[in-house]
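See structure below.
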Amino acid sequence: MGCLVVLICLLSFAVSAYAHPHVFADVGVVAEFDQGGFVGIRNHWVYDEMYSSALVSSAGHSGGGSFSDRESEWLKAAILGPIAEKNYYNYVQAEASFLKAEGIRNFKASMKGGKLVLDFLVAFSVPVVSDYTMLVIVVSDPTNYIQMTTDMENADVSAPKGLEVEFFADGLEGLTLFRGFRSEIQGLYLRFKR
């Protein structure tokens, strides 16, 4: 009987270890456009102090000033590798499917107030046409390993003149592709045309 109790306790602990976040990040989002259409999502991630300290130490950083090229490349691969490999964290729905991320551009890592800050663009390409194209953008970790607090109410759009872009933040209820996401996560709904 004692072994059964220990086994149940161990299983409960193992399940609960996966049910809560281990990393916390505040995330800012800007949808980027050029004359050709939607080109990507500009991300601004600010990590919690504990994770920042562990990650910066793992990168071999001394803790001061800016990161070397080698340290920046290590951070980019360690943190953002899942975007390139598995299309994680930045989700763009166009019609009835997710778009594939085309890479990471303009990556910059810095330290501010003891927190690791990442700025980067996840590239996508959706050409502009004369009628509205509709997209839903979500920046999140549906596994809940990283709890991303994404403020979609303050998300923004950067678009050149001659491109008409309308956007608003709202919940994901009723969107089949986002069924596995937590209910409090919001998306940025966009429509654009020439």
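None of the values given here were measured: they were computed from a predicted structure.
Side chains of Lys115 and Tyr47 form no contact here, defined as non-hydrogen atoms less than 4.5 Å apart. Looking at Leu190 and Met134, their side chains never come closer than 4.5 Å, going by heavy atoms from C-beta outward. Side-chain contact between Leu55 and Trp74 is present, with at least one heavy-atom pair separated by less than 4.5 Å. In this structure the side chain of Asn90 never reaches within 4.5 angstrom of the side chain of Val29, judged on heavy atoms. In this structure, the side chains of Val122 and Val92 stay at 4.5 Å or more apart for every pair of heavy atoms.
Within a 6.0 Å radius of NZ in Lys100, more than 12 heavy atoms belonging to other residues, nucleotides or ligands are found. The environment of CD in Glu173 is sparse: at most 12 heavy-atom neighbours from other residues, nucleotides or ligands sit within 6.0 Å. Open room surrounds OH on Tyr88; 12 or fewer heavy atoms of other groups in view lie less than 6.0 Å from it.
Applying the side chain to side chain donor-acceptor pair (under 3.5 Å) definition to pairs two or more places apart or across chains, none involves residues 48-60.
For the atom pair Met148 CE and Arg182 CZ, the distance stands at 10.0 Å (nearest 0.5 Å). Atom-to-atom distance recorded for Phe168:CZ and Gln186:CD is 10.5 Å, nearest 0.5 angstrom. If you take CG on Leu121 and CG on Asn43, they are separated by 7.5 Å, rounding to the nearest 0.5 Å. Rounded to the nearest 0.5 angstrom, Trp45 CH2 and Thr149 OG1 are separated by 12.5 Å. In this structure, Leu175 CG and Tyr91 OH are separated by 15.0 Å, a value rounded to the nearest 0.5 Å. The distance from atom CG of Asp151 to atom NE2 of His44, rounded to the nearest 0.5 Å, is 12.0 Å.
Counting only distance, with no hydrogens or angles, the side chain of Asp141 and the backbone of Tyr89 share no donor-acceptor pair below 3.5 Å. Remark: side-chain polar atoms of Asp119 are not paired, donor with acceptor, to backbone N or O of Val117 under 3.5 angstrom.
Relative orientation of the Phe38 and Phe192 rings is tilted, given thresholds of 30° and 60° on the angle between their planes.
In the hydrophobic clustering of ILVMFWY residues, with side-chain heavy atoms under 4.5 Å counting as a link, Phe24 and Val139 come out apart. Cluster annotation: Val23 is connected to Met111 through the hydrophobic network of ILVMFWY side chains, with a link wherever side-chain heavy atoms come within less than 4.5 Å. Val30 and Ile104 are members of different hydrophobic clusters when ILVMFWY side chains are connected at heavy-atom separations under 4.5 Å. With hydrophobic clusters built from ILVMFWY side chains whose heavy atoms lie under 4.5 angstrom apart, Val157 does not share a cluster with Val129. Grouping the Ile, Leu, Val, Met, Phe, Trp and Tyr side chains by contacts below 4.5 angstrom, directly or via other members, places Val39 apart from Ile137.
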For this session: Evaluate the criterion side-chain contact (heavy atoms from CB on, under 4.5 Å) for residue pair Leu118 and Phe107; output intermediate values, then yes/no.
Result: CA-CA 7 Å; Leu118 302 182; Phe107 178 81; 3.7 Å; yes

Problem set entry | Trace of the side-chain contact (heavy atoms from CB on, under 4.5 Å) decision for Phe178 with Val136 | CA-CA 10 Å; Phe178 294 101; Val136 179; 4.1 Å; yes

For this session: Take Gln35 and Leu163, measure what side-chain contact (heavy atoms from CB on, under 4.5 Å) needs, and give me the verdict at the end.
Result: CA-CA 7 Å; Gln35 290 295 341; Leu163 211 62; 5.6 Å; no

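Minimum heavy-atom separation, Ala94 to Leu135: CB-CD2, 3.7 Å. Residues Leu99 and Phe124 approach most closely at O-CE2, 3.6 Å, considering heavy atoms. The two atoms that bring Val165 and Ala159 nearest to each other are CG2-CB, 3.9 Å, heavy atoms only. For the residue pair Arg42 and Ser158, the shortest heavy atom distance occurs at NH2-CB, 3.9 Å. Taking all atoms of both residues into account, the shortest heavy-atom contact from Leu177 to Phe98 is O-CZ, 3.5 Å. Contact between Ala101 and Asn87 at its shortest, heavy atoms only, is N-OD1, 2.7 Å.
Remark: Lys193 qualifies as a cation-pi partner of Tyr132 under the 6.0 Å distance and 45° angle criteria applied to the six-membered ring.
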